[in-house]
Amino acid sequence: MSLVVLVDGYNLIHAQPGFFDSGDLEQARKTLLDWCARYKRARGHAVTVVFDAYQSADMGSRRDMHKGVSVHYSPYGKTADALLVEMAQRLGPKAVVVTNDREVGQKAQRQNAAWVSSNLFAGRLMEACLDGAMPEDEAGANLSALAGTRKKGPSHKPKKSRRKAVQMQQKL
């Protein structure tokens, strides 16, 4: 099953300010899209980045492609969050929504999509783009943090939604 990674663009830019240089928003968008294109080539997952444009009356819903990455700008009056939830609903279990917004993440999970924090995805993005240049002990620490504490026995098994989220995060 091929994954479709749905990224809340501005959320990821502001979650990693030093990484994407959020002082110049246009440059930050371009940098994010370049990194997402490298991630797509390295991992093979489809990537869609959604940006807010709901306050721009002159700009309707717009879609672009940037080096194989699908870029969506939300239409006037609709937020990127709402657009992400709609896309997650349409894609269902194939979608992984990347945002730090808990409400959006929970809505996506109700649509059977996985939810990953922007901070975690930024690490995966860097790891994939730098071709495994991340030290082994750091990579292992990231994966063990996802799993949480290991519990024994069926009565202490994590919830199905948590197991699915961990499984999808490991695929990123």
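For the numbers below, each heavy atom of this structure counts, side chains included, while hydrogens, waters and symmetry mates do not.
The shortest heavy-atom contact between C36 and V69 is C-CG2, 3.7 Å. Annotation for W35 and M126: closest pair CZ3-CA, 4.0 Å, computed over non-hydrogen atoms.
Formation of a donor-acceptor pair under 3.5 Å by the D52 side chain with backbone atoms of A80 is found in this model. Looking at N100, its side chain does come within 3.5 Å of a backbone N or O of S118 through a donor-acceptor pair.
Judged as a side chain to side chain contact (heavy atoms under 4.5 Å, CB included), and not counting sequence neighbours, the contacts of A122 are L12, Q16. Listed by chain and number, the residues in a side chain to side chain donor-acceptor pair (under 3.5 Å) with S117 amount to none (sequence neighbours excluded). For N112, the side chain to side chain donor-acceptor pair (under 3.5 Å) criterion is met by no residue, not counting sequence neighbours. Partners of S70 according to the side chain to side chain donor-acceptor pair (under 3.5 Å) rule, which considers only residues two or more places apart in sequence or in another chain, are H72. Take A42 and apply the side chain to side chain contact (heavy atoms under 4.5 Å, CB included) test, not counting sequence neighbours, and it matches A128.
Considering only heavy atoms from C-beta on, V49 comes within 4.5 Å of L33 through its side chain.
Screening residues 87-128 for ring pair (Phe, Tyr, Trp, His ring centres under 6.0 Å) gives Y39-F121 as the qualifying pairs, with residues at least two apart or on separate chains. Pairs passing the salt bridge (charged side-chain N to carboxylate O under 4.0 Å, His left out) check and including a residue from residues 111-123, sequence neighbours excluded, do not occur. Applying the salt bridge (charged side-chain N to carboxylate O under 4.0 Å, His left out) test to every pair with at least one member in residues 37-48, sequence neighbours left out, gives these pairs: R43-E127.
With values rounded to the nearest 0.5 angstrom, D34 atom CG is found 13.0 Å from R29 atom CZ. Atom OG1 of residue T48 and atom CG of residue D8 lie 12.5 Å apart, to the nearest 0.5 angstrom.
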- [ ] For the pair V98 and V5, evaluate side chain to side chain contact (heavy atoms under 4.5 Å, CB included) and give the outcome as yes or no after the intermediate values.
- [x] CA-CA 7 Å; V98 177; V5 182; 3.7 Å; yes
With side chain to side chain contact (heavy atoms under 4.5 Å, CB included) as the criterion, how do V50 and L6 come out once you've worked through the C-alpha distance, each side chain's angles and the decisive distance to 0.1 Å? CA-CA 7 Å; V50 180; L6 304 173; 5.7 Å; no
*Going through the checks in order, is the side chain to side chain contact (heavy atoms under 4.5 Å, CB included) test met by L32 and Y10?*
CA-CA 9 Å; L32 172 66; Y10 290 133; over 6 Å; no
Tabulate below the donor-acceptor pairs under 3.5 Å that side-chain atoms of residues 82-92 make, not counting sequence neighbours, or state none.
{"residue": "E86", "atom": "OE1", "partner": "K78", "partner atom": "NZ", "Å": "3.1"}
{"residue": "E86", "atom": "OE2", "partner": "K78", "partner atom": "NZ", "Å": "2.5"}

Would you be so kind as to tabulate the donor-acceptor pairs closer than 3.5 Å made by side chains of residues 101-110, with sequence neighbours excluded?
{"residue": "D101", "atom": "OD1", "partner": "E103", "partner atom": "N", "Å": "3.1"}
{"residue": "E103", "atom": "OE2", "partner": "K107", "partner atom": "NZ", "Å": "3.2"}

